[in-house]
Q: 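The structure under discussion is supplied below as structure tokens; questions concerning it will follow.
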Amino acid sequence: MRPNKTASLILGFASTLLVIAFFIITYTHDQKVKEHTANSFRFEKETFVVKGTASSDKIAYTSIQELDLVDQVAMDDPLQMDYFNGEADTKKYGSVRCYVYVHQKPFIIIQTQKRIFVINDHSEKATKQLYGKIQDKMK
């Protein structure tokens, strides 16, 4: 009976280690997702630079024809991810270049003669601050 008790203790210990490892991996993954920055924004003298995970754009302040802050952008094919960089089709604006945290309102709409951009930052407060900075640069 002694070997079975030892085997049970070893198996129990190994199982406990696996459970602990699972929780550590899950926690660190969640922290990395929360700390991930999908987009970065830079204000240069003449241009607003937007960099995403897969693309980037320079938008001249003088090329901005219209700037809006909206709570919703209806997509033809709703996005199922946390953040998205790339081309998308919208019901109101047609084809747009997105730099968005999909589930985070509001969204900034930047319309130029060549393209329409939909951007936001990781929080409502950060997006509103970004919107205000773009407005100031347009003056």
Side-chain angles (χ1 to χ4, degrees):
M1 271 260 186
R2 189 85 174 137
N4 286 340
K5 191 171 188 177
T6 304
S8 295
L9 285 173
I10 291 172
L11 184 60
F13 182 71
S15 297
T16 303
L17 285 179
L18 285 173
V19 169
I20 291 170
F22 173 76
F23 282 113
I24 290 171
I25 290 168
T26 302
Y27 175 76
T28 56
H29 175 265
D30 289 346
Q31 288 302 108
K32 286 179 183 177
V33 168
K34 287 177 186 175
E35 295 169 3
H36 177 75
T37 302
N39 307 317
S40 66
F41 309 102
R42 190 174 69 245
F43 292 90
E44 295 180 346
K45 186 175 180 179
E46 304 291 327
T47 60
F48 173 57
V49 180
V50 184
K51 287 189 177 181
T53 54
S55 56
S56 65
D57 284 285
K58 282 188 171 188
I59 306 167
Y61 303 119
T62 57
S63 73
I64 299 174
Q65 296 175 330
E66 201 169 323
L67 182 71
D68 292 312
L69 188 66
V70 299
D71 280 331
Q72 184 176 350
V73 178
M75 300 285 177
D76 287 347
D77 186 18
L79 303 172
Q80 302 298 320
M81 57 219 42
D82 290 332
Y83 50 88
F84 176 73
N85 299 143
E87 300 293 324
D89 291 321
T90 66
K91 296 184 186 307
K92 182 175 181 178
Y93 304 103
S95 181
V96 298
R97 174 72 64 95
C98 293
Y99 295 92
V100 296
Y101 291 86
V102 175
H103 306 290
Q104 181 61 55
K105 297 176 185 177
F107 302 94
I108 300 170
I109 309 297
I110 301 173
Q111 295 186 39
T112 69
Q113 187 174 6
K114 294 181 180 180
R115 175 174 267 157
I116 298 174
F117 299 90
V118 179
I119 65 172
N120 69 354
D121 211 336
H122 65 281
S123 70
E124 179 179 356
K125 181 180 178 181
T127 299
K128 287 182 176 180
Q129 288 174 343
L130 185 62
Y131 178 76
K133 286 181 184 178
I134 297 168
Q135 279 184 315
D136 290 344
K137 292 288 189 174
M138 290 173 60
K139 294 177 183 177

Q: Which residues satisfy the side chain to side chain donor-acceptor pair (under 3.5 Å) test with Ser123, sequence neighbours excluded?
A: none
Q: Report the C-alpha separation of Ser95 and Glu87 in whole Å, then their side-chain angles, then the decisive distance to 0.1 Å, and conclude whether the side-chain contact (heavy atoms from CB on, under 4.5 Å) test is met.
A: CA-CA 7 Å; Ser95 181; Glu87 300 293 324; 3.6 Å; yes
Q: Scan side-chain atoms only and decide if Asn85 and Thr53 contain a donor-acceptor pair under the 3.5 Å cut-off.
A: yes
Q: Could you check whether any side-chain heavy atom of Ile64 comes within less than 4.5 Å of a side-chain heavy atom of Phe117, counting everything from C-beta outward?
A: no
Q: Does Ile59 share a hydrophobic cluster with Met138, counting links as ILVMFWY side-chain heavy atoms below 4.5 Å and allowing steps through other members?
A: yes
Q: Does one hydrophobic cluster hold both Val70 and Leu67, with members joined at side-chain heavy-atom distances below 4.5 Å?
A: no
Q: For Gln65, I'd like to know if atom CD has over 12 heavy atoms of other residues, nucleotides or ligands within 6.0 Å.
A: yes
Q: Go through the steps for Met75 and Lys91 under the test side-chain contact (heavy atoms from CB on, under 4.5 Å), then give the verdict.
A: CA-CA 6 Å; Met75 300 285 177; Lys91 296 184 186 307; over 6 Å; no
Q: In Å, rounded to the nearest 0.5 Å, how long is the span from CE of Met81 to NE2 of His103?
A: 9.0 Å
Q: With rounding to the nearest 0.5 angstrom, report the OG to CG distance, Ser56 to Asn39.
A: 11.0 Å
Q: Less than 4.5 Å apart, any side-chain heavy atom of Leu130 and any of Ile119?
A: yes
Q: Out of the candidates Asn120, Asp57, Asp121, only one should pair with Tyr99 under the side chain to side chain contact (heavy atoms under 4.5 Å, CB included) rule; please name it.
A: Asp57
Q: How long is the straight-line distance from CZ of Arg42 back to NZ of Lys58, given to the nearest 0.5 Å?
A: 6.5 Å
Q: Apply side-chain contact (heavy atoms from CB on, under 4.5 Å) to the pair Glu124 and Lys105, showing each step before the final yes or no.
A: CA-CA 6 Å; Glu124 179 179 356; Lys105 297 176 185 177; over 6 Å; no
Q: Using a 3.5 Å distance criterion without hydrogens, assess whether the side chain of Tyr61 forms a donor-acceptor pair with backbone atoms of Thr47.
A: yes
Q: Would you compute the distance between atom OG1 of Thr127 and atom NE2 of His122 and round it to the nearest 0.5 angstrom?
A: 8.0 Å
Q: CG/Asp68 to CZ/Phe107 distance, rounded to the nearest 0.5 angstrom?
A: 14.0 Å
Q: Give me the ring orientation class for Phe48 and Phe43: parallel if the planes are under 30° apart, tilted from 30 to 60°, perpendicular past 60°.
A: tilted
Q: Is there a path of hydrophobic side-chain contacts, each under 4.5 Å between heavy atoms of I/L/V/M/F/W/Y residues, joining Ile134 to Val73?
A: no
Q: More than 12 heavy atoms of other residues, nucleotides or ligands under 6.0 Å from NZ of Lys51: yes or no?
A: no
Q: Do Tyr93 and Val100 land in one hydrophobic cluster if side-chain heavy atoms of ILVMFWY residues count as linked below 4.5 Å?
A: yes
Q: With hydrophobic residues grouped by side-chain heavy-atom distances under 4.5 Å, do Val50 and Ile116 end up in a single group?
A: no
Q: Tell me, do Ile109 and Val96 make a side-chain contact under 4.5 Å, heavy atoms counted?
A: no
